[in-house]
Amino acid sequence: MKIYQDHAWPVNLEEAIAIQERLRYQVIPSDQLKQPVQYVAGVDMGFESNGTISRAAVAVLSFPDLQVVETSLAYRPTSFPYIPGFLSFREIPAVLDALEKIKIIPDIILCDGQGIAHPRRFGIASHLGVILDMPTIGVAKSLLIGKHEQLPDTKGSWQPLIHKSETIGAVLRTRSGVKPVYVSIGHRISLNTAIDYVLSCTPKYRLPETTRIADKLASAR
DNA sequence: GCGACAG
DNA sequence: ATCTTGTCGC
């Protein structure tokens, strides 16, 4: 797919914060999806050579049958350290490289990490969504910010994730008796719809098939 | 000031 | 994220 523009990548945290504060207001928290949804994609990252090389993987699956229809990999030098709250600056450049190679344009992209469940409401899923102006969902394996009530250990149950009296996402049980995942909207989708798609993409394991396939690619030696 | 902290 | 084998439980 064609990527038309992206801002210059920051060199320090001050610049990074300025970008997050400027772009956060572009996030669209309601459903603006192409219907019907035919393809969903997962993106994930891996690192090589002591972390100096970033490896981005994209997997496009048909929906709702979740069959892999296209994949791509991209490598580039790692140019930003891992700092909680600034993950997108470390991972998105390589992800854009990998997405550029894809021919089948997905209708939704599921990201490994938070969407608006972020200190400045602009985690990696939102950042990628705004840059591409495409629907994105954040599915994180652990918590960055927010609090929530305990939730039943049955698949499909969820609780709102709250931060400063605001609902910023959902803690979702994708598999009975297994640790939940943290779902938040990235861009052009509502929280309830995001939860529905995450469950639809998670027929068997804790993580969505999109993420699992992308993860295998990103880890493949 | 102290603790928390996506991947 | 990554370094790494076996092991507990359904």
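Proteins come first, then strands; the chains are lettered A, B, ... in the order of their sequence lines, and each starts at number 1.
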Participant: Using whole Å, report how far CD1 of A:Ile83 lies from P of B:dG7.
Facilitator: 16 Å
Participant: Check the distance between B:dC5's P and A:His163's NE2 and give it to me in whole angstrom.
Facilitator: 13 Å
Participant: So is A:Arg121 actually on top of A:Tyr25's ring, under 6.0 Å and inside 45° of the axis?
Facilitator: no
Participant: Name the nucleic acid region contacted by A:Gly85, choosing base, sugar-phosphate or nothing; use a 4.0 angstrom heavy-atom cut-off, strictly under.
Facilitator: base
Participant: Does A:Asn12 CG have over 12 foreign heavy atoms under 6.0 Å away?
Facilitator: yes
Participant: Could you tell me whether the phosphate oxygens of B:dG7, OP1 or OP2, come under 4.0 Å of any side-chain nitrogen or oxygen in A:Ser142?
Facilitator: yes
Participant: Mind calculating the distance between CZ (A:Phe47) and P (C:dC3) to the nearest angstrom?
Facilitator: 12 Å
Participant: Would A:Tyr182 count as stacking on B:dA6 if stacking means ring centres less than 5.5 angstrom apart and planes tilted under 30 degrees?
Facilitator: no
Participant: Going by atom types only, do A:Ser176 and A:Thr154 share a side-chain donor-acceptor pair under 3.5 Å?
Facilitator: no
Participant: Indicate, with a heavy-atom threshold strictly under 4.0 Å, whether A:Phe89 touches base, sugar-phosphate, or nothing.
Facilitator: nothing
Participant: Give the rounded distance in Å between these two atoms: CZ of A:Phe86 and P of B:dC5.
Facilitator: 16 Å
Participant: When the ring centroid of A:His127 is compared with that of A:His7, is the distance short of 6.0 Å?
Facilitator: yes
Participant: Just how far, in rounded Å, is P of B:dG7 from CZ of A:Arg90?
Facilitator: 13 Å
Participant: Provide, to the nearest angstrom, the distance between the CG atom belonging to A:Asp44 and the P atom belonging to B:dA6.
Facilitator: 15 Å
Participant: If you look at every strand shown and take non-hydrogen atoms under 4.0 Å, does A:Ile124 touch a base, only sugar-phosphate, or nothing?
Facilitator: base
Participant: When you measure from the side-chain N and O atoms of A:Lys141 to the phosphate of B:dG7, is any distance below 4.0 Å, counting only OP1 and OP2?
Facilitator: yes
Participant: In whole Å, I'd like the distance from the CD atom of A:Glu91 to the P atom of B:dA6.
Facilitator: 12 Å
Participant: Taking atom types as modelled, find out whether A:Thr193 and A:Asp31 have a side-chain donor-acceptor pair closer than 3.5 angstrom.
Facilitator: yes
Participant: Distance check needed: C:dT2 P versus A:Asp112 CG, whole Å only.
Facilitator: 11 Å
